[in-house]
There are 2 protein chains.
Amino acid sequence: MSGAVKNGAREKFMTFLARKHLRVTAQRQAIVDTVFSTNQHFTAEQLLAWSRARDRSVSRATVYRTLPLLTESGLVREMDFGKDYKFYDPNYAEHPNHNHIICNDCEKIVEFESDKIEQLESEITRRLGFSLQTQRLQITGSCEELKKLGACKKKRGI
Amino acid sequence: MSGAVKNGAREKFMTFLARKHLRVTAQRQAIVDTVFSTNQHFTAEQLLAWSRARDRSVSRATVYRTLPLLTESGLVREMDFGKDYKFYDPNYAEHPNHNHIICNDCEKIVEFESDKIEQLESEITRRLGFSLQTQRLQITGSCEELKKLGACKKKRGI
DNA sequence: ATCAATGCAAATAATTTGCAAAAAG
DNA sequence: CTTTTTGCAAATTATTTGCATTGAT
């Protein structure tokens with residue numbers, strides 16, 4: 001959870017704040033450091049808990065107010081898996097076109113990239129008169145464990 | 001909105017109800033007829049309004065209770081476009097693997113299918129140790145109008 | 001008759017927001 | 001100093017649920 005902070009991403013976010021004349025507060029730093037020290041997808045609630053471990057003064061409101069800044073900067077992507085809360089993915093800075101496979105039972109998520117799919121996408125998009133901006137491909141299926149045992153031991157591996 | 005009811009889909013849903021020993025009520029009929037007389041994506045709230053036009057006694061609660069039956073039957077698919085409400089797509093009975101392109105400005109949605117992409121998906125999924133159950137590919141981009149004029153005249157074409 | 005299905009209104013839960021106090025620039 | 005940002009608690013809003021009643025089988 002609390003590995004090394006990715007300074008590239010952190011730096012980029014600071015630049016983003018400066019460009020918009022937004023202030024660098026202790027709470028924003030705690031939140032941003034938290035985000036860029038994991039590769040995991042997280043929820044707002046998880047981000048709150050982890051950020052509080054760094055700085056007790058971080059509030060839920062500030063987390064919810066910082067999340068839009070992170071997505072607007074392009075360094076984090078909001079993802080909807082159809083649950084009643086959203087997930088955030090901090091890996092788009094490094095892999096802008098990656099996709100997700102989610103296990104139906106344990107909800108384990110694996111990321112992958114495919115040049116061939118990307119190419120087909122832009123081809124089809126063009127043919128339909130659009131120009132492509134973003135794409136998201138989500139596959140759900142059964143992981144090895146689910147296939148073998150009929151159920152996964154640990155659920156909710158998000 | 002109120003074109004001809006697709007009797008194939010309607011019929012399949014009735015079979016689905018029978019198999020589960022669920023009852024055919026006037027309200028369910030109004031809702032189901034509404035769903036299968038459009039190709040448009042809709043929200044729960046829209047479905048309520050349209051169903052009420054057929055049968056004033058349909059309540060919001062019944063709409064929300066019927067929607068899971070429709071998705072469970074496989075005839076309708078729940079879709080999350082990251083808004084704070086969900087959309088439902090009644091076209092999965094005819095096109096089980098179709099995908100969506102959404103215009104960034106007017107939110108016009110175009111559906112498309114691609115065998116090549118499907119094939120790549122199942123190949124990749126297999127390679128990662130999963131077996132594929134569902135896939136959803138969402139592309140966002142600029143439609144012709146947005147590209148040409150810089151903005152779309154009518155917004156929110158959902 | 002029996003038991004599922006309904007409408008209503010209250011409950012839930014993620015996210016948003018108003019406001020007075022605190023802190024950044 | 002000025003203006004943004006904060007935490008708190010209350011508000012918002014889509015969806016869900018308990019319950020007494022209605023209606024399908």
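Residue numbering restarts at 1 for every chain, and letters A, B, ... go by the order of the sequence lines.
Atom pair Gln29(B):CD and dA5(C):P shows a separation of 14 Å (rounding to whole Å applied). Summarising the geometry, the separation between CG on Asp55(B) and P on dG23(D) is reported as 12 Å, rounded to the nearest angstrom. The distance from atom CG of Leu69(B) to atom P of dA4(C) is 14 Å, rounded to the nearest whole Å. Separating the CD atom of Gln27(B) from the C1' atom of dA4(C) is a distance of 12 Å, rounded to the nearest angstrom. Atom pair Lys83(B):NZ and dT13(D):P shows a separation of 16 Å (rounding to whole Å applied). At whole-Å resolution of the value, CZ in Arg52(B) and C1' in dT6(C) are 13 Å apart. Taking atom CD on Glu78(B) and atom P on dA14(D), their separation rounds to 15 Å, with Å as the unit. When rounded to the nearest whole Å, the span between CD of Gln46(B) and C1' of dT15(D) equals 16 Å.
Under a cutoff of 6.0 Å and an axis angle of 45°, Arg77(A) and Tyr92(A) form a cation-pi pair.
Leu132(A) shares a hydrophobic cluster with Ile101(A), Val110(A), Phe112(A), Ile117(A), Leu120(A), Ile124(A), Leu128(A), Phe130(A), Leu137(A), Ile139(A), Ile101(B), Val110(B), Phe112(B), Ile117(B), Leu120(B), Ile124(B), Leu128(B), Phe130(B), Leu132(B), Leu137(B), Ile139(B); the chain of contacts runs through ILVMFWY side chains whose heavy atoms sit under 4.5 Å apart.
The residue Val58(B) sits close only to the backbone: its heavy atoms come under 4.0 Å of sugar-phosphate atoms, none of a base.
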Review point. Can you give one letter per nucleotide of nucleotides 15-25 of chain C, 5' to 3': B if a protein heavy atom sits under 4.0 Å from the base, S if only from the sugar-phosphate, - if neither?
Key: BBBB----BBS
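A salt bridge links Lys6(A) with Glu94(A); the closest basic N to acidic carboxylate O contact falls under 4.0 Å.
Heavy atoms from other residues, nucleotides or ligands lying under 6.0 Å from NZ of Lys147(A) number more than 12.
Across Cys103(A) and Leu146(A), no two heavy atoms sit closer than the pair SG-CD2, 3.8 Å.
Between the side chains of His41(B) and Asn91(B), no donor-acceptor pair of N or O atoms lies under 3.5 Å.
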